[in-house]
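Below is one structure, written out as structure tokens; comments come after it.
Each ligand, and each atom within it, is numbered from 1 in the order the structure gives.
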Amino acid sequence: FSILAPDRSLTGKHVLVTAGPTVEALDPVRFLSNHSSGKQGYAIAAAIAEKGAKVTLISGPVKIPAPKSVHVVQVSTAQEMLAACEAALPADAAICTAAVSDWRAKELASSKIKKSSDEPPTLRLVENPDILATLSHHQKRPSLVVGFAAETDDVVENAIAKRLRKGCDWLVANDVRVGVFGAERNQVSLIDSTGVEMWPDMEKTDVAQRLAERVSKFFIPS
Ligand code: CTP
Ligand code: CA
């Protein structure tokens with residue numbers, strides 16, 4: 001035996017990962033976005049690729065390099081991210097870590113919005129498509145669909161409800177009151193149809209490793 005033999009148990013599988021923020025333009029110079037660093041999603045894409053899977057990483061703009069052996073598709077808006085996900089199907093699994101902007105501007109101003117002497121402008125927003133829910137109910141639904149949820153209150157209760165609402169198989173929930181954005185560590189709970197598994201506080205790369213092992217077990221139960 002060899003303890004050094006690499007685990008390539010996901011060979012032949014195609015895994016879709018979304019990561020980073022989306023950026024929604026308001027006018028040619030301004031946008032609506034969020035603080036997602038992309039670290040957790042990139043670490044997951046890398047860990048899954050290391051197990052031999054073909055990984056398509058659909059990413060909003062982030063400041064970290066593309067992981068080795070991962071096909072990266074760069075997008076900016078939620079609508080582009082959804083289109084890229086659907087174009088990448090079929091996939092065996094989809095892991096949605098992206099911090100998708102919940103809204104975009106109802107009308108995109110073609111010229112810079114100027115100050116005037118009256119009231120500040122009112123931003124009219126419309127809801128963006130829900131990528132995780134769309135993939136969960138897709139005609140070409142991956143066998144395993146995983147969501148992430150950043151919560152600040154009643155983390156587990158909200159996450160259990162969110163898993164059912166989205167229609168995904170697993171939901172990885174974390175408490176963002178403690179400043180997870182851009183951090184190296186993460187404390188998460190994995191919720192599936194059988195219950196809640198609380199993972200200890202660990203490096204985002206270790207969360208990625210553990211999730212990759214879970215995914216591999218899902219496909220090859222031992
Ligand atoms: N998500 C998505 N598309 C959206 C919004 C969210 O794919 N338009 C995905 C995220 O990538 C994540 C999961 O849904 O995997 C949960 O995101 P979250 O923002 O926690 O859920 P929301 O339904 O947007 O609820 P909330 O009002 O709490 O933001
Ligand atoms: Ca949201």
Which is closest to atom 5 (C) of ligand 1 in terms of heavy atoms, Thr152, Leu135, Asp102? Asp102
Of the listed options (Thr18, Ile131, Asn158, Asn174), which comes nearest to atom 3 (N) of ligand 1 when hydrogens are ignored and any heavy atom counts? Ile131
Ligand-side contact atoms (ligand 1) for residue partner [X], heavy atom cut-off under 4.0 Å:
{"X": "Gly147", "value": "15 (O)"}
{"X": "Leu132", "value": "2 (C), 7 (O), 9 (C), 13 (C), 14 (O), 15 (O)"}
{"X": "Ala98", "value": "10 (C), 11 (O)"}
{"X": "Pro129", "value": "3 (N), 4 (C), 8 (N)"}
{"X": "Cys96", "value": "11 (O), 12 (C), 15 (O)"}

Contact between ligand 1 and Ala99 is defined here as a heavy atom of the residue under 4.0 Å from a ligand atom; is it met? no
Looking at Trp199, is Arg210 sitting on its ring face, NZ or CZ under 6.0 Å from the six-membered ring centre and within 45 degrees of the normal? yes
Criterion side-chain hydrogen bond (donor to acceptor under 3.5 Å, both in side chains) on Ser59 and Tyr42, from CA distance to verdict: CA-CA 9 Å; Ser59 177; Tyr42 274 53; 2.7 Å; yes
N or O pair under 3.5 Å between Lys166 and ligand 1: yes
Ligand 1 and Ala149, any nitrogen or oxygen pair closer than 3.5 angstrom? no
Distance to 0.1 Å, residue and atom name: give those for the protein heavy atom nearest to atom 21 (O) of ligand 1. Lys162 NZ, 3.3 Å
Return the residue, atom name and 0.1 Å-rounded distance of the protein heavy atom closest to atom 16 (C) of ligand 1. Phe148 O, 2.8 Å
Does a donor on one side chain sit under 3.5 Å from an acceptor on the other, for Glu24 and Asn128? yes
So, Thr194 and Asp192: side-chain donor and acceptor under 3.5 Å apart, yes or no? yes
Run the salt-bridge test on Asp7 and Lys51 with the 4.0 Å N-O cut-off and return the result as yes or no. yes
Pairing of Arg141 and Asp169 as salt bridge, 4.0 angstrom limit: yes
Search all heavy atoms of Gly38 against all heavy atoms of Val62 and return the closest pair with its distance. CA-CG1, 3.9 Å
Give a yes or no on this: more than 12 heavy atoms of other residues, nucleotides or ligands lie within 6.0 Å of atom NZ of Lys162. yes
